[in-house]
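The structure appears right after this line, and notes come after that.
Only this structure's heavy atoms are used, side chains among them; waters, hydrogens and symmetry mates stay out. The first residue in the sequence is number 1, and the count goes up from there. Quantities reported herein were computed from a predicted structural model and do not represent experimental measurements.
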Amino acid sequence: MQDSYDYIVVGGGTAGCALANRLSADPGVSVLLLEAGRRDNYAWVHIPVGYLFCIGNPRTDWCFQTEAEAGLNGRALAYPRGKVLGGCSSINGMIYMRGQARDYDMWRQMGCAGWGWDDVLPLFKRSEDYFAGADEMHGVGGEWRVEPPRLRWDILDAFRAAAEEAGIPPIEDFNRGDNEGSSYFKVNQRRGVRWNTVKAFLKPARHRPNLEVVTSAHVRRLAIEDLAVRGVEFETGGEVRTVSCRREAILCAGAIGSPHVLELSGIGRGEVLGAAGIPLVAERRDVGENLQDHLQLRCAYKVSGIRTLNERASSLLGKASIALEYALTRSGPMSMAPSQLGVFTKSDPSFETANLQYHVQPLSLDKFGEGVHTFPAFTASVCNLRPESRGSVHAGAPDHRVQPAIRPNYLSAEADRRVAADAIRLTRRIVSQAALRPYHPEEFKPGPAFQSEEDLVAAAGEIGTTIFHPAGTCRMGADEGSVVDPELRVRGLRNLRVADASVMPAIVSGNTNSPTLMIAEKAADLIRQSWR
């Protein structure tokens, strides 16, 4: 390892791998990529169903916990974040989703010039390798492989038909700007194997002599002099090192890690840092604020007369047949993303675009990491795409090894409680349609006893859990109170940017992994332009 590099990228996750690729494409600069986790040479990273064994596993997951949440009836949640090369792209649900054109046009209207839908669509297409070929909305030949799922389930077809009977039309593609309707999710896989950003972006660049990748490197703080970042201090192999950056440091540590690194470096709210025992270097009051996440309400139904994954995965013979199918054909349940069928719709006709997303699964379980139930069932998980509730992530100690306090504040906004109740009612209306009637669906989560508005809000607090989409904690904006400006530069400091989901001023209307990749593409363009 050298003593200095032109660029230091903190975090080898979705954004970090892509940014390291793009910056090191210039042979005239040197790039150091620091990742706290280990390499992605763990078998369950690559087998799609392996997310069950990666989430909650300290080999691949930070294993964060939220604080007790009042909106969730006092429950604290496990809060998975990838701690492995590839980050969340190595442990997530592999769903390729951009969100809605409206999301990015709203960013532009908030003052984030250059971030409207027409601006970001070429960035999505640049990195894309779409199975069906190129058109005005999709690209081919890029690094980010997108394919259709490799299996189907009758119970999901029946749910899709029921959704159509309830007024939600089937569509082919969620990624054309308006995702309202039902379809099967496209996934980041190649022939039944997870396609993470290590395979897509890092491996093709690893031969470059100007790119250094260091794993098991825990960043302690940024080295700052005269409000300019001069380097990064990190711990690896029991040794503390400081490496200088000649141009910039770029934080790609995610919506939890990036604000934590800023606060450990003395950048944040004075009272928060003072309580944590961290000297204030630069007052940036929005660091760690504006946390947004999609709260999924996991409504579950027993069925009969139709096959689900529960029965097959509950016996040794069934598990053996699943393993054999995957070994021979790279298909079947082991090739499954956590959710296969998606539905986007409105909880109320007054919404301009779809504000609900369903992840429908041919299985049921108490929580991820545990076994499926033994009886046939399906889960219709529904989330509010544009929550008004806002939470925070803040350091509680100067030690980088101490987890920051994560407070999502789910259901703290009245509008979110109303949407949650409406979402459960809509789920019941879909399930009551004729297409599902032959299978006698019987609701067991939350259960038919919950009927009133007050009851349904309480039920949402009981069955709600994260769908793993934290965003917004280093908010981008044109106002002086924002953490980063529209060029992703941290306000009040020099030589420092943030490029990950933490910069989203408002969470996108869908899964967040590919929008994070788009942010990295945009960051690479901005960085290169500023150093020409």
Legend entry - Pair Ser89-Thr197, side-chain hydrogen bond (donor to acceptor under 3.5 Å, both in side chains): steps then yes or no: CA-CA 6 Å; Ser89 78; Thr197 55; 3.1 Å; yes

Inset, instruction - Report yes if the side chains of Arg102 and Arg386 come closer than 4.5 Å at any heavy-atom pair, otherwise no. - result: yes

Inset, instruction - State, with a plain yes or no, whether a side-chain heavy atom of Thr60 is found less than 4.5 Å away from one of Trp44. - result: no

Inset, instruction - May I ask you to check whether over 12 heavy atoms, not counting those of Glu172, lie within 6.0 Å of atom CD? - result: no

Inset, instruction - Decide if atom CD of Glu454 counts as having more than 12 heavy atoms of other residues, nucleotides or ligands within a radius under 6.0 Å. - result: no

Could you work out, with side-chain hydrogen bond (donor to acceptor under 3.5 Å, both in side chains) as the rule, every residue matching [X], not counting sequence neighbours?
X	value
Asp157	Arg152, Tyr184
Asn409	none
Ser90	Asn196
Thr427	Tyr358

Inset, instruction - May I ask you to check whether Phe444 and His373 place their ring centers less than 6.0 Å from one another? - result: yes

Legend entry - Partners passing side-chain contact (heavy atoms from CB on, under 4.5 Å) against Arg475 (at least two apart in sequence or in another chain): Asp286, Asn290, Asp479, Ser482, Pro505

Inset, instruction - List for me each residue that meets side-chain contact (heavy atoms from CB on, under 4.5 Å) alongside Val272, sequence neighbours excluded, and say none if there are none. - result: Glu263, Arg269, His394

Legend entry - Side-chain ion pair, Arg176 and Glu136, N-O less than 4.0 Å: yes

